[in-house]
Amino acid sequence: APHPITILLIALFGAAMITFWVLRYREEKQTLNRWVQTASEIETSLVDLLESFSNGCRSHLVRQAKRCVLRLNRGEPIGLAARRSGLPLDADTLAMVSIPSGSQSGHAALISQASRSGIGDHLDQSFEVSRTLPHVGQQFIYILALVLLAWPISIFVRSQSEPIVEEFFSEFQFGSTRYLFFGEFPDTVILVGNFLAYLLVFWLLLAVSIRWLPLWVIRWVPWFGRSAIENWRGQVLGAFARGMKAGQSEASILEFAIQSSRVRWVRSRCRRTQRFLEQGASLPHAFQRGGVITKREQRWLSAAQQNGSLPESIGQLKSNIERHQSLRWRIRMAWAVPLVTVLVGVFVLAHCLIVFRVLIALVGGLSN
C-alpha cells in the first residue's frame, strides 16, 4: 500500500541488504589477502590463484581480480597492477609477495606462524565489530529514512491540501487561509524542517565523498571524518603489525602502502612517516610525527619497542582503535535514534496543529 510505513520498511530492508553486502565484501577481502599471503609462502602462481578466487566470489572483487590478472599477464608489477585494478590487497600482503623468496628463507617459520596468528587475531578482533556493524548501520538508515521521508511527505501534503482548503474557504466566503498556512508558526516549522533536511543531505554528500575531500577538511566532517581517519589509522597499523611479524622491513611496508593504497590520507601519512624514518627517527616517533598515532600512543609504542614487543603492541593498538570505534557508534546511536524520533514527531505534530487550526476555523465559520 502507498503508505509511509511501507516506504520505511522498504528502506530498512534496503539497509539490511547493504549491510549484508558490506560484511560479505569485507570477508572476501580478508580471505583474498590470506590466500595471497599463503600463495607467496608456497610459491604458487598468483595469476592462477586470482583466477580461482574470482570464480568463487560474488562481489565486484570478481571484476577487480580479473583486471589484475590481465595486467599481471602484460608484465606489470603486482603493486601497480593491484592499485590500477582496484584489488584491495594490504600493504604487508604486497610486501610479502614482492620480496624475493631467498630473502625470506630465514623467516619461513616466522611467516607461517605470523600468518596463523594473524588469522586468529583478526577473527578475535573483528568479532565484536561484526556484531555491532549490522545494528548500527540499520539504526543509522532508520534515522535517515525518518528524516528524508518526513520532509518530502510534508511538502506533498501542503502542496495538495493548501489549494483545496483555499478554494473551499473562498467558496463559502470564510476569508483567506493565508494566516492558517503561512502564518508565523507554520513558516517557522517549514523553515526549520527545510534547513535540517538540506543540512542532512549536505552532510551525507560529504560522508560519501570523504575519500576525495582535501585532507584538512576530513577531520571537520561530523562523525564520519573522525571515523574515517580512525579506520585508515587501523589499516596502516594492521599492515605494520602483520608485516613486522612476518619479518618484513619497515621501509618495504611503507613503500608498498604508498604504492597500493587508494586513500590519499594513507599515502600522505605514510610518506611523512617514511621521511622521518629516513632521518633516523624510531618507528613510534616517525608514526607520531607523521600523524598516524597520538603522543600517548607513541609513548606506549616506545616502551613496547624497548621491551621487544613492538609488533604485538601495534596489533593491540589497532584492536583498541576498532573497539573504540564500535563503542563510539553504539553510544551515538543510543541517543541519536530517540532524539531524531522525537524531532520528527514534533515536526509531524506541528503539521497536525496546522490542520486542526484549519478545521477549527472551518467549524467556526459554518457555525456563524
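No hydrogens, no waters, no symmetry mates; every other heavy atom, side chains included, goes into these values.
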Are the side chains of [Y] and [X] in contact, using a 4.5 Å heavy-atom criterion?
X: L301; Y: L310; answer: yes
X: V221; Y: W203; answer: yes
X: I141; Y: F13; answer: no
X: K29; Y: N33; answer: yes
X: F287; Y: I314; answer: yes
X: L49; Y: T38; answer: no
X: I143; Y: M333; answer: yes
X: F276; Y: H285; answer: no

Identify which one of V201, L343, L196, V340 satisfies the side chain to side chain contact (heavy atoms under 4.5 Å, CB included) criterion when paired with V147.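 Exactly one candidate clears the test, V340.
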
Look up atom [atom1] in [X] and atom [atom2] in [Y], then write down how far apart they are to the nearest 0.5 Å.
X: R226; Y: W220; atom1: CZ; atom2: CH2; result: 12.5 Å
X: E51; Y: D48; atom1: CD; atom2: CG; result: 6.0 Å
X: L61; Y: L50; atom1: CG; atom2: CG; result: 10.5 Å
X: E322; Y: L317; atom1: CD; atom2: CG; result: 10.5 Å
X: E28; Y: Q30; atom1: CD; atom2: CD; result: 10.5 Å
X: F240; Y: K318; atom1: CZ; atom2: NZ; result: 14.5 Å

Membership question, hydrophobic clusters at under 4.5 Å side-chain separation (ILVMFWY): are [Y] and [X] in the same one?
X: V62; Y: L70; answer: no
X: I218; Y: F202; answer: yes
X: Y142; Y: W335; answer: yes
X: L204; Y: L339; answer: yes
X: V346; Y: L144; answer: no

Between [X] and [Y] (salt bridge meaning N to carboxylate O under 4.0 Å), is one present in this structure?
X: E27; Y: R34; answer: yes
X: R84; Y: E76; answer: yes
X: E230; Y: R233; answer: yes

[X] side chain to [Y] main-chain N or O, any donor-acceptor pair under 3.5 Å?
X: E297; Y: T294; result: yes
X: S249; Y: S252; result: yes
X: S154; Y: W151; result: yes
X: R71; Y: A81; result: no

Go through the side-chain N and O atoms of [X] and [Y] and say whether any donor and acceptor fall under 3.5 Å apart.
X: R328; Y: Q325; value: yes
X: E255; Y: Q274; value: yes
X: N320; Y: Q316; value: yes
X: S302; Y: Q298; value: yes
X: S326; Y: R330; value: no

So, for [X] and [Y], which heavy atoms are closest and what is the spacing to 0.1 Å?
X: C68; Y: L87; value: SG-CD2, 3.8 Å
X: L213; Y: L206; value: CD1-O, 3.8 Å
X: R332; Y: S227; value: NH1-OG, 3.5 Å
X: G193; Y: F347; value: CA-CE1, 4.0 Å
X: M244; Y: P311; value: CB-CG, 3.9 Å
X: Q305; Y: S282; value: OE1-CB, 3.7 Å

I would like to know whether R264 and W232 meet side chain to side chain contact (heavy atoms under 4.5 Å, CB included); could you show each step before the answer? CA-CA 10 Å; R264 290 191 300 117; W232 297 335; over 6 Å; no

Are S319 and R323 close enough, and set up right, to give a side chain to side chain donor-acceptor pair (under 3.5 Å), and what steps lead you there? CA-CA 6 Å; S319 177; R323 283 201 304 271; 2.9 Å; yes

Show, in sequence, the C-alpha distance, side-chain angles and deciding distance for R271 and I258, and conclude whether the side chain to side chain contact (heavy atoms under 4.5 Å, CB included) test is met. CA-CA 7 Å; R271 288 192 187 99; I258 295 171; 3.7 Å; yes

Using 30° and 60° as the class limits, which term best fits the ring planes of F224 and W329: parallel, tilted or perpendicular?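 F224 vs W329 ring planes: tilted.
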
Would you call the rings of F140 and W223 parallel, tilted or perpendicular if under 30° counts as parallel and over 60° as perpendicular?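 Tilted: the ring planes of F140 and W223 meet at 30° to 60°.
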
If you count the non-hydrogen atoms of other residues, nucleotides and ligands that lie under 6.0 Å from CZ in R219, is the total more than 12?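 Open: at most 12 neighbouring heavy atoms sit under 6.0 Å from CZ of R219.
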
Can you establish whether the number of heavy atoms outside R74 located under 6.0 Å from its atom CZ is more than 12?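 Yes - once you tally the heavy atoms of other residues, nucleotides and ligands closer than 6.0 Å, there are more than 12.
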
Please walk me through it: do Q288 and K295 pass side chain to side chain contact (heavy atoms under 4.5 Å, CB included)? CA-CA 6 Å; Q288 190 270 323; K295 290 185 178 181; 3.4 Å; yes

Where do I293 and L237 land on the side chain to side chain contact (heavy atoms under 4.5 Å, CB included) test, with the steps shown first? CA-CA 9 Å; I293 62 176; L237 294 174; 4.1 Å; yes

